[in-house]
Amino acid sequence: MPRNIIDVTDLTVEEIDGLIATAEDILQNPAKYQDACAHKQLATLFFEPSTRTRLSFESAMLALGGSVLGFSEAASSSTAKGETVGDTVHTVSCYADIIAMRHPKEGAPFAAAQFSEVPIINAGDGGHNHPTQTLTDLLTIHREKGRLSGFTIGFCGDLKFGRTVHSLVNALSRYKDIRFVLVSPAELKLPRYVKEEALKKRGIPYRQTDSLDAVMSDLDILYMTRVQKERFFNEEDYLRLKDSYILTPEKLEDAKPDLSILHPLPRVNEIAVAVDKDPRAAYWKQVKNGKFIRMALILKLLDIRV
Ligand code: CP
């Protein structure tokens, strides 16, 4: 049975720390890894749009000396002719050594994995989870703060549909002494099941508010998110909520000097471009980190030691 990564909790904390250590080693010694995946193939099956996740997976495999195949939209696969996702994944697992899959339906990568002969990585399933974005976020926090414990993190924006938030809350709830601040409009609060499973079950306290200004000075990390237009049932609600929070240089006047600002991207309007020049903006470094942590994950799932 291949090892799949459907949820970030499919990895133990020790395994995540190991992936971060490998990614750091790759960053320092890229040449050591350049042929590690020679003759191995990664398939990227993207049934939903992506820039960073798909291309960082592909860039990661190429940097490891492997090759890539796949599709970037459902319309160019035989699912458009009525083939089930299970049959598509079964087929691709006959050609590739490992598969990264994104799908708009929650649970689709889990269901597809039952039909695969090779490891499946969930590259984002609907409004549910995005475990490799979380690994990217953890590597970024580790590089910015030097640790994965003992800080206050604010999640701001669409906490209801933001799958990166669900996965990161889940992952960080397993580390020590982390204080969670959840900033959203009432309609876009973190789902109850995430609060129950990640926070309440572990007795982790959290604050909920609709005011970013009120909590800004308390934060060590600010994780901004986009309002997820594609998950809304009506445009009117989206238009009313889309600009709930817009981070500007003025809004950061009360923030700590060593705040780290993260965003999984894409951004729409929630971080002004002027913030990019602020040394506390870590989101473009986060984009780069995504390639290196995915290199580490591919090596782990293919059981390749360098
Ligand atoms: N962060 C992220 O998942 O970006 P893409 O949708 O561009 O892959």
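Numbers for residues simply follow the sequence, beginning at 1. Atoms within a ligand are numbered from 1 in the order they appear, just like the ligands themselves.
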Output block, N or O contacts of ligand 1, threshold 3.5 Å exclusive:
residue  : atom  : partner : partner atom : Å
ligand 1 : 1 (N) : Gln133  : OE1          : 3.0
ligand 1 : 1 (N) : Pro264  : O            : 2.9
ligand 1 : 1 (N) : Leu265  : O            : 2.9
ligand 1 : 3 (O) : Thr53   : OG1          : 2.9
ligand 1 : 3 (O) : Arg102  : NH2          : 3.0
ligand 1 : 3 (O) : His130  : NE2          : 2.9
ligand 1 : 4 (O) : Arg52   : NE           : 3.2
ligand 1 : 4 (O) : Leu265  : O            : 3.3
ligand 1 : 6 (O) : Arg102  : NH1          : 2.9
ligand 1 : 7 (O) : Thr51   : N            : 2.8
ligand 1 : 7 (O) : Arg52   : N            : 3.0
ligand 1 : 7 (O) : Arg52   : NE           : 3.3
ligand 1 : 7 (O) : Arg52   : NH2          : 3.0
ligand 1 : 8 (O) : Ser50   : OG           : 2.6
ligand 1 : 8 (O) : Thr53   : N            : 2.9
ligand 1 : 8 (O) : Thr53   : OG1          : 2.7
ligand 1 : 8 (O) : Arg102  : NH1          : 3.4
ligand 1 : 8 (O) : Arg102  : NH2          : 3.3

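Side chain to side chain, Tyr33 and Thr22 fail the donor-acceptor criterion of an N or O pair below 3.5 Å. In this structure, a donor-acceptor pair under 3.5 Å is present between the side chains of Arg102 and His130. In the model, Asp17 has a side-chain atom that pairs as donor or acceptor with a side-chain atom of Tyr175 under 3.5 Å.
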What donor-acceptor contacts under 3.5 angstrom involve side-chain atoms of residues 296-306, with partners at least two apart or in another chain?
residue : atom : partner : partner atom : Å
Lys300  : NZ   : Glu15   : OE2          : 3.3
Asp303  : OD1  : Arg305  : NH2          : 2.6

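Listed by chain and number, the residues in a side chain to side chain contact (heavy atoms under 4.5 Å, CB included) with Pro185 are Glu187, Leu188, Leu241, Ser244, Tyr245 (sequence neighbours excluded). Shown here are the side chain to side chain contact (heavy atoms under 4.5 Å, CB included) partners of Pro30, two or more places apart in sequence or in another chain: there are none.
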